[in-house]
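Working notes, structure below.
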Amino acid sequence: MRAIVIHEAGKLALDEYPQERTGADQVVLEVATGGVCGSDLHYFNHGGFGPVRLKEPMVLGHEVSGRVVDTGSAVNGIEIGDLVAVSPSRPCGECRFCAENLQNQCLNMRFYGSAMPFPHIQGAFRQRLVADAAQCVVANGLSAAEAAMAEPLSVALHAIRRADGVEGKKVLVTGCGPIGVLCVLAAREAGAEEIIATDLTANALNHAKMAGADQTIDIRSQPGALDTYGGEKGTFEVLFECSGSPSALSGAIPALRPRGVIVQLGLGGDMPVPMMQITAKELELRGSFRFHEEFSQAVEKMLTGRIDVMPLITHTVEFDDAKRAFEIANDREAAMKVQISFSDSDAREQITP
């Protein structure tokens, strides 16, 4: 079988990759759809992000869905032919953080397509994937494209949880890539009173508006637009910072009311923090990293129609043309979520940029 392998920045190849052996509690999947994530783009464009660098070739990808073609002898509740959303998160279940129900902080995490450890954890962009049954959530009733969106939606749902919920609150979202727009969707579904979203591109802001933002602000053309929310010490109770940009964080803090909560999702390396303003306003700065139990919740919210992710999927590229998917994903003026179709039977009508 073949896999999508990054060798160094800009060098992506479809390489032969060995089929793994199947354990009793595992399933064999024909990968159906995979989504190109921001971290995949960091590896493709720069060979990593912050201190995380490629030290060896690595299979990319962690947003995937697949169809079950075989199951181990101990697997229950998953049948051959099922469509499943595959969580890339594989905590050990034995370390002290797993024991504290902080599985996303697992000391022995095996997260698909990560160069954080060495040897690297190989990713899921393979034609066939052996996965633990515990990773798989049956998603019959969704399309393969929707099921592959369970992972990024889980990131947004975890951020809502880190904010202690948003019901009845005024919410600001900075950075409207896929995670930012999913935060808009998740905040709207969770009962936010008002949602304002900011970005630098019209395409991103249009998607945020479609996702339920009450107002969108182009910070490039309206750099002072958030000033109107800074009167009387600020307006917003929750900030979801999804860009990883120091200027986005510092520009949003004056619009937060005292004792507001900043949830930082965007990762682009270390960034300076305006600590004086955070201290004076008694703001809470909380990180939000990956997810755990939110993965099955994401599938359930899509299956019940409470969250519709399909408008985010702007492009679908065939597996044999995988490099093009990364090139399209780099164009934020045209693309939102770019997916790769691994299976002809699961291919959507291709949308060209």
Side-chain angles (χ1 to χ4, degrees), residues 1-20 27-49 52 54 56-67 83-90 109-117 119-132 135-137 139 144-155 177-179 267 290-291 295 298 312-313 315-330 335 337-343 346-347:
M1 70 169 176
R2 292 181 298 164
I4 301 171
V5 179
I6 185 73
H7 290 258
E8 59 187 46
K11 185 179 179 183
L12 193 74
L14 298 181
D15 291 347
E16 288 296 323
Y17 195 82
Q19 177 69 48
E20 297 173 320
V27 298
V28 182
L29 307 171
E30 283 189 353
V31 175
T33 300
V36 178
C37 175
S39 63
D40 295 320
L41 285 177
H42 278 298
Y43 291 126
F44 177 71
N45 292 326
H46 311 296
F49 51 94
V52 179
L54 284 169
E56 63 180 349
M58 183 178 76
V59 180
L60 287 175
H62 57 265
E63 301 178 8
V64 298
S65 64
R67 297 192 181 277
L83 173 70
V84 296
V86 185
S87 173
S89 181
R90 294 173 291 168
M109 176 63 76
R110 300 161 297 144
F111 194 95
Y112 285 143
S114 174
M116 288 184 179
H120 301 333
I121 307 300
Q122 299 298 312
F125 282 175
R126 322 173 199 178
Q127 291 177 308
R128 281 206 171 198
L129 179 68
V130 174
D132 297 343
Q135 293 174 252
C136 300
V137 178
E146 289 171 304
M149 290 291 288
E151 193 276 344
L153 178 55
S154 301
V155 172
I179 295 300
L267 290 173
R290 297 176 178 166
F291 52 85
F295 191 82
L312 275 73
I313 303 170
H315 298 76
T316 301
V317 176
E318 298 304 312
F319 173 74
D320 286 336
D321 201 16
K323 186 175 181 180
R324 182 168 169 266
F326 288 78
E327 294 167 347
I328 294 171
N330 270 326
K337 173 57 67 176
V338 178
Q339 292 187 332
I340 298 168
S341 175
F342 287 71
S343 168
D346 287 299

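Quick note: residue numbers are just sequence positions, from 1.
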Taking it one step at a time, do Arg2 and Arg126 satisfy side chain to side chain contact (heavy atoms under 4.5 Å, CB included)? CA-CA 6 Å; Arg2 292 181 298 164; Arg126 322 173 199 178; over 6 Å; no

Of Ile4, Val31, Leu14, which is the lone residue that meets side-chain contact (heavy atoms from CB on, under 4.5 Å) with Phe125? Ile4

The test is side chain to side chain contact (heavy atoms under 4.5 Å, CB included); show your working for Gln127 and Glu30 and say whether it passes. CA-CA 6 Å; Gln127 291 177 308; Glu30 283 189 353; over 6 Å; no

What's the separation between atom OG1 in Thr316 and atom CD in Glu318, rounded to the nearest 0.5 Å? 8.0 Å

Pairwise distance OG(Ser39) to CE(Met116) - rounded to 0.5 angstrom: 8.5 Å

Where the side chain of Gln339 meets the backbone of Ala145, is there a donor-acceptor pair that is under 3.5 Å apart? yes

Closer than 3.5 angstrom, by distance alone: can the side chain of Tyr43 be matched with the main-chain N or O of Met58 as a donor-acceptor pair? no

Smallest separation among heavy atoms of Arg110 and Arg90, with atom names: O-NE, 3.1 Å

State, yes or no, whether a side-chain contact exists between Leu60 and Leu12 at a heavy-atom distance under 4.5 Å. yes

Would you say Lys337's side chain and Val36's backbone share a donor-acceptor pair under 3.5 angstrom? yes

For Ser343 and Ala32, indicate whether the former's side chain and the latter's backbone hold a donor-acceptor pair under 3.5 Å. no

Going through the distances and angles, do Glu146 and Met149 end up as a side chain to side chain contact (heavy atoms under 4.5 Å, CB included)? CA-CA 5 Å; Glu146 289 171 304; Met149 290 291 288; 5.6 Å; no

Residues in ring-ring contact (aromatic ring centres under 6.0 Å, His included) with Phe111, at least two apart? His62

Under a 4.5 Å cut-off applied to non-hydrogen side-chain atoms, are Val28 and Arg128 in contact? yes

Are Phe326 and Ile340 side-chain neighbours, meaning at least one heavy-atom pair lies under 4.5 Å? yes

Note: Val338 and Ala325 closest approach over all heavy atoms is CG1-O, 3.5 Å

Contact check, side chains of Ser65 and Phe342, non-hydrogen atoms, under 4.5 Å: no

State, with a plain yes or no, whether a side-chain heavy atom of Asp15 is found less than 4.5 Å away from one of Pro57. no

Step by step, would you call Gln135 with Tyr112 a side chain to side chain contact (heavy atoms under 4.5 Å, CB included)? CA-CA 11 Å; Gln135 293 174 252; Tyr112 285 143; 3.2 Å; yes

So Val130 and Gln19, do their side chains get closer than 4.5 Å, heavy atoms only? yes

Do His42 and Val52 come within less than 4.5 Å of each other through their side chains, counting heavy atoms only? no

